[in-house]
There are 2 protein chains.
Amino acid sequence: MLTSIKDECAIVGIGQTEISKLSGRSELQLAVESIKAAIDDAGLKPSDIDGMCGFTLDHVDEIDVARTLGIPELKMFSRMPHGGGAPMSTIQQAAMAVASGTCKAVVGFRAMNGRSGARYSGGVAEGAETTDAISWGWYMPYGLLTPACWVAMHAQRYAHEYGSPAEGFAEVAVTQRNYAVNNPIALFHGKPITFEDYHNSPFIVDPLKLYDCCIETDGGAAFVVTSADRAKDLPHTPAMIKCAAQGAAFDQEVMTSFYRDSLTFFPEYDLVAKQCYAQSGLTPDDIDAAIIYDAFTAIVLMQLETFGFCKRGESSDWVKDGKLRIDGRLPTNTHGGLLSEGYVHGINGLCEGVRLLRGASSNQPKKNIEHVLVTSGMSMPTGAIILGK
Amino acid sequence: MLTSIKDECAIVGIGQTEISKLSGRSELQLAVESIKAAIDDAGLKPSDIDGMCGFTLDHVDEIDVARTLGIPELKMFSRMPHGGGAPMSTIQQAAMAVASGTCKAVVGFRAMNGRSGARYSGGVAEGAETTDAISWGWYMPYGLLTPACWVAMHAQRYAHEYGSPAEGFAEVAVTQRNYAVNNPIALFHGKPITFEDYHNSPFIVDPLKLYDCCIETDGGAAFVVTSADRAKDLPHTPAMIKCAAQGAAFDQEVMTSFYRDSLTFFPEYDLVAKQCYAQSGLTPDDIDAAIIYDAFTAIVLMQLETFGFCKRGESSDWVKDGKLRIDGRLPTNTHGGLLSEGYVHGINGLCEGVRLLRGASSNQPKKNIEHVLVTSGMSMPTGAIILGK
């Protein structure tokens, strides 16, 4: 019996495809290319892999990935639910499998033609095939159909309670776009935006402007987890898994938890944050950089509060002096994030978290990066991890 | 780092709804009723549960189960793919979560209106939303649309290679129907069949007759897993998890792995069996009773071979003298199985496995039951466990 998965495992390989608006190939191929890249990066062979974890939203079955890559056997395979809430859950799965002796090396991945195929901005008028339909049934008929609509509900209430966070939104949006400028695979590579551009951009759903919203892209991203012991013999500095937590909390819905006491506090996130700090023995002060799930700028601010970097209602002020920039207190989403690298459901952000620990980000901060927080999406069942050296 | 999950955890609670052709209520309600029964059976409260595992095929989200039951927080939630291949995978998930310190008590469940709602016998002409469609595309257009069709391919080849297993099929079909006679919740409760009934029943897909096929039913089934240590303080004899394995193997498809070297040997099953015996340190001789996934009689026979109870091609002969009956070498599917208790995707069989260890089956063998093998479905990615005292 272990007390936790702390320090049992490490991420030893990462891989990504290019990010585009039209990949021109299947999601299976994107998956296989990114996983092959991650296995190569780890200095392993496909036959070293014996576990695989994906998303329930995947159109790609792990058995087809295994066939295509030449992975002969899988001893653990699972799918993580709730879309943007899932990416860090795949790390928890991989860590549990390795730490329990079930697997030697586990791959996690996400591959999606999110722009040239089915687009989330198209709304969910069709397609709720589970009890999601119970809660969604109260909102969808009235046009609350897209993630931007749902998150805007929380953002409006936040503005009502704490005053407009517009300046904080702008800081996140511009900072991340400008990180992407230096990231060769980012969709915003070489395309800086100014605060003026931000403020001149149209509302998508008030108070969310165009540049508050992530982009829709095609791409694949993957990682390899193995034991801490084996990681020592592999090419890269291991990204040690200091903790990995999932959380679903009281009166939880997926993106529409609108009938709780507060619309600006997310108990599932609080549960995840508490688990992360308890497992790792770390505090917010120990976190040197972060990859905060940023489907929208608004949820970056609220996550900073839940994870204890600042108090509730103060995140907009907290970020305004550049704390998320490369020389700031907490360089965040240094790849550009979902806002401007691309939307690969957070597995791409995980890759950047590993690069930060390796000193290999295209926006590598000068300071030593000892611990990186990486989170899944907000306003749904979610997860987070802390990586360390 | 653990070397395996052996003896770390136990199943401490089981619960089932009635089984019917028309439940008259939602799958969410069936899930909640069976989970509540399992939690009660374990002597626990909903607030003791902090993990939940289901099937990717579920229409019921764990967060809606949690809300309905009053489970305040979940720290692990996942979905197991591939339908009938999934039930024992939920045990592996629960065991990994508890053994790794992630959760204190994990629920697994399956709830389905499999007769009054969507029926598997309706075929899969629509609905392949993943890369399953790649392999299925070769068969479905030619009418190979249902599980009976797919399994008949293997059964025909088996007959070609080893001679007709019809007498073995009949023995399985009649033995299990007659177990169900004594099981109050079985659909075949009080309805024995004879060998004459079996042989007079029509072919569904040659060589599978009506009574070779499982029934389609509505129902829910659930279990609770906690640590071995905590299990000692709970009301029932713990069903210790001696091993839990998943397996997907070379050139794996879901139900249509027709292009391998053999149609009568299932490498994923072999992988699962080897893991089970290696983890547990047990051999086939140590297994006193079994719950063998029995969507069709044919796959019961082939699993007996893979798990080493007899040699390849010899299972039909092996069972003919009553080895699966209550006083036989290996009492099997003593609840009646999917063939005649009901089809709750194997979680109902798991409940019976636990009852056998508790001495609480409605067909309890007189001999001491020390170890019970419980398996997931055959001809897809699959899993198995061995439970012990």
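Below, chain A is the first sequence line, B the second, and so on; all start at residue 1. Because the structure is predicted, anything quoted here is derived from the model rather than measured.
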When heavy-atom pairs shorter than 4.5 Å are enumerated against chain B, which of [options] gives the highest number?
{"options": "A/Pro267, A/Ser227, A/Ser4", "answer": "A/Ser4"}
{"options": "A/Gln279, A/Gln275, A/Met52", "answer": "A/Gln275"}
{"options": "A/Ser100, A/Ala86, A/Gly101", "answer": "A/Ser100"}
{"options": "A/Cys9, A/Ala249, A/Pro81", "answer": "A/Pro81"}
{"options": "A/Ala66, A/Ala97, A/Cys53, A/Ser89", "answer": "A/Ala97"}

Taking side chain as everything from C-beta outward and backbone as N, CA, C, O, which of these in [X] sits under 4.5 Å from a heavy atom of chain B? Side chain, backbone, both or neither.
{"X": "A/Val254", "result": "both"}
{"X": "A/Thr382", "result": "backbone"}
{"X": "A/Ile71", "result": "neither"}
{"X": "A/Ala95", "result": "neither"}
{"X": "A/Ile5", "result": "both"}
{"X": "A/Glu27", "result": "neither"}

Just how far is it from atom [atom1] of [X] to atom [atom2] of [Y], taken to the nearest 0.5 Å?
{"X": "A/Ser135", "Y": "B/Asp61", "atom1": "OG", "atom2": "CG", "value": "8.0 Å"}
{"X": "B/Thr131", "Y": "A/Asp58", "atom1": "OG1", "atom2": "CG", "value": "9.0 Å"}
{"X": "B/Leu74", "Y": "A/Leu271", "atom1": "CG", "atom2": "CG", "value": "8.5 Å"}
{"X": "B/Leu2", "Y": "A/Thr102", "atom1": "CG", "atom2": "OG1", "value": "8.5 Å"}
{"X": "A/Asp64", "Y": "B/Thr130", "atom1": "CG", "atom2": "OG1", "value": "7.0 Å"}

Check the surroundings of atom [atom1] in [X]: do more than 12 heavy atoms from other residues, nucleotides or ligands lie under 6.0 Å from it?
{"X": "A/Asp233", "atom1": "CG", "result": "yes"}
{"X": "B/Phe250", "atom1": "CZ", "result": "no"}
{"X": "A/Phe265", "atom1": "CZ", "result": "yes"}

query = Any side-chain heavy atom of B/His82 sitting closer than 4.5 Å to one from A/Glu62?
reply =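 Side-chain contact under 4.5 Å: yes.
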Compare every heavy atom of [Y] with every heavy atom of [X], then report the nearest pair and how far apart it is.
{"X": "A/Phe77", "Y": "B/Ala248", "answer": "CE2-N, 3.7 Å"}
{"X": "A/Lys75", "Y": "B/Gln92", "answer": "O-NE2, 3.3 Å"}
{"X": "B/Met1", "Y": "A/Val98", "answer": "SD-O, 3.2 Å"}

inquiry  = Has A/Gln252 got a side-chain atom pairing as donor or acceptor with B/Arg67's backbone, closer than 3.5 angstrom?
reply    =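 Side chain of A/Gln252 to backbone of B/Arg67, a donor-acceptor pair under 3.5 Å: no, none is there.
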key: B/Glu268, part contacting chain A, at a heavy-atom distance under 4.5 Å   =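 For B/Glu268, no heavy atom lies under 4.5 Å from chain A.
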ask   = Of the backbone (N, CA, C, O) and the side chain (C-beta and beyond), which part of B/Pro381 lies under 4.5 Å from a heavy atom of chain A, both, or neither?
value =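 When you check distances to chain A, atoms from both the backbone and side chain of B/Pro381 fall under 4.5 Å.
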request  = Check each of B/Met80, B/Arg79, B/Met96 against A/Ser78 using the side chain to side chain contact (heavy atoms under 4.5 Å, CB included) test, and report the only one that passes.
outcome  =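 Among B/Met80, B/Arg79, B/Met96, the one meeting side chain to side chain contact (heavy atoms under 4.5 Å, CB included) with A/Ser78 is B/Met80.
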inquiry  = Quick check on the interface: out of B/Met76, B/Glu253, B/Lys6, who has the most heavy-atom pairs with chain A under 4.5 Å?
reply    =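 Looking at each option in turn, the highest pair count goes to B/Met76.
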